[in-house]
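Only one structure is covered here, and it is reproduced in the block below.
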Amino acid sequence: MLKTIEAFNRIGEENAFAVLARATELAGEGRDIINLGIGQPDFRTPEHIVEAAVKALRDGEHGYTPATGILPLREAVAADVEKRTGAAVDPGNVVVVPGGKVTMFMAILMFGEPGVDILYPDPGFPIYRSMIEFTGANPVPIPIREENEFAFSAEETLSLLTPNTRLVILNSPANPTGGVTPRAEIKKLVAGLAKRPDIAILSDEIYGQMTYEGAEHCSLYGFEEIRDRLILLDGWSKTYAMTGWRMGYAVWPEALLDKARKLAVNCWSCVNAPAQFAGIAALTGPQDAVARMMAEFDIRRKLVVEGLNALPGVSARVPMGAFYAFPNIRETGFKAKPLARALLEEAGVAVIGGPDFGVLGEGYIRLSYANSAENISRALKRMEEFLASARP
Ligand code: PLP
């Protein structure tokens, strides 16, 4: 018997990938499956970005690069973050990683150990809790409440801090809820966190450029008083429809930078070289494709919310960011995961049960509206038919 470390008894998963696998399997059997499960834009990566990678390969850019990424890419990231947050960024503090997820892996590894508290949003991206538990740290959920429009509450978050808190993970705009935390709330939180220089903050802003009219993304990077302990997580996956390229970045504070670089050297050496050239083209090239995608998401957002609210027992808030709806399904009488399972197996609609995002996700399901308006309408029709006939 091979004996691996005991921590593997605690590592979790991202069930969206299991749902994707099952949906693909069912489709392979000839079933017509509408996938509203996986969180990735259904658009193609804009052509000029693809071309930049192809050109890089043709130009012979296929060797190792510096572990933290090529300088022109880190300069482009720094300029982009500076433009969006108003805060100066040193390209030397940028670490390019194979996907946004990698930054959370690194940050949680840096701070997690038994006896330590790490705060994370619940419902939230499942990897936060999984990795916290892997390290043996104590996972402390920050409740994300529907009655608070799925924003986090500064007061509640600050009330959860203990002398053992080492890391606070925040995410706005948020997965799975589409909630966007308003600037006033973030300011309040920052004022509280500023009094605790011993606590690091991981701000997951991967959906930072995906907000809708009436919402504003407020980056924690804009607050100087916490910048020396803030890890800004962002990347290309969502904004530029580049999930499969595996391109993400973080801006690390000076105190953690060398540790981040060492993790990079020890694990992946450097991100795929041509993908890094694509990353430059994405940030420095025309941004109209991003605006077009968001306009399309906005149309679908209205469609999905209207359709969900017309279903018996279902009520949905209007998501103000990302491309997820997180309807409350309590009144249907179903528990969330059995409902998600039945919708896939019986109605051919892939969605994710709220509990896959944390205990407070019970009573909700997540729909990604990264699918065509036509498919969304078909999915809603199927859900209506299912709910009309099925019994919990
Ligand atoms: N952070 C959040 C909140 C996400 O929803 C995701 C992906 O779904 C990620 C990070 C990871 O992004 P990437 O695919 O770039 O690793």
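Read the numbers this way: they start at 1 and go in the same order the structure lists the ligands and their atoms. It should be emphasised that the depicted structure is a prediction, and the values quoted were computed from it without experimental measurement. Below, all heavy atoms of this structure are taken into account, side chains as well, without hydrogens, waters or symmetry copies.
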Practice problem: Examine ligand 1 and decide if any of its atoms is less than 4.0 Å from a heavy atom belonging to Trp236. | Solution: no

Per-atom filter on ligand 1: closer than 4.0 angstrom to a heavy atom of Asn171 are 3 (C)

A student checking ligand 1 against Gly99 at a 4.0 Å heavy-atom cut-off should list atoms 15 (O), 16 (O)

Under 4.0 Å between heavy atoms, the region of Thr243 that gets near ligand 1 turns out to be neither

the protein heavy atom lying closest to atom 15 (O) of ligand 1 turns out to be Ser237 OG, 2.6 Å

Please report whether ligand 1 has a polar contact with Val102, defined as an N or O pair separated by less than 3.5 Å (distance criterion only). no

Give a yes/no verdict on whether any heavy atom in Gln40 is under 4.0 Å from an atom of ligand 1.
no

Using side chain to side chain donor-acceptor pair (under 3.5 Å), reason through Asn138 and Asp117 one step at a time and then give a plain yes or no. CA-CA 5 Å; Asn138 177 35; Asp117 285 354; 2.9 Å; yes

- State whether Lys188 and Glu185 are salt-bridged, where the test is any N-O pair (Lys NZ or Arg NE/NH1/NH2 against Asp/Glu carboxylate O) under 4.0 Å. yes

Exercise. Could Glu51 and Lys55 be called an ion pair, given the rule that one side-chain N must be under 4.0 Å from one carboxylate O?
Worked result: no

Legend entry - Glu155 atom CD, over 12 foreign heavy atoms within 6.0 Å: no

Is any N or O atom of Tyr207, backbone or side chain, closer than 3.5 Å to an N or O atom of ligand 1? yes

Within 4.0 Å of some non-hydrogen atom of Met104, the atoms of ligand 1 are 1 (N), 10 (C)

In ligand 1, the atoms that come under 4.0 Å of a heavy atom of Arg246 are 13 (P), 14 (O), 15 (O), 16 (O)

Checklist entry - Hey, are Arg74 and Asp90 close enough for a salt bridge, meaning a charged N less than 4.0 Å from a carboxylate O? => result no

* What class does the angle between the rings of Tyr369 and Tyr212 fall in, given that below 30° is parallel, 30 to 60° is tilted and above 60° is perpendicular? -> tilted

Stepwise side chain to side chain donor-acceptor pair (under 3.5 Å) test for Gln276 and Thr65: CA-CA 9 Å; Gln276 294 191 46; Thr65 76; 3.0 Å; yes

of all protein heavy atoms, closest to atom 11 (C) of ligand 1 is Lys101 N, 3.7 Å

min-distance protein heavy atom vs atom 2 (C) of ligand 1 -> Asp204 OD2, 3.3 Å

For Asn175, the ligand 1 atoms with a heavy-atom partner under 4.0 Å come out as 3 (C), 4 (C), 5 (O)

Distance col, row Lys238:NZ vs Gln209:CD, nearest 0.5 angstrom, shows 14.0 Å

Exercise. For the pair Arg341 and Glu346, find out whether any cationic side-chain nitrogen is under 4.0 Å from an anionic carboxylate oxygen.
Key: no

Tightest non-hydrogen contact, residues Thr239 and Ile206, listed as OG1-O, 4.1 Å

among protein heavy atoms, the one nearest atom 7 (C) of ligand 1 is Lys238 NZ, 2.8 Å

of all protein heavy atoms, closest to atom 12 (O) of ligand 1 is Ile206 CD1, 3.7 Å

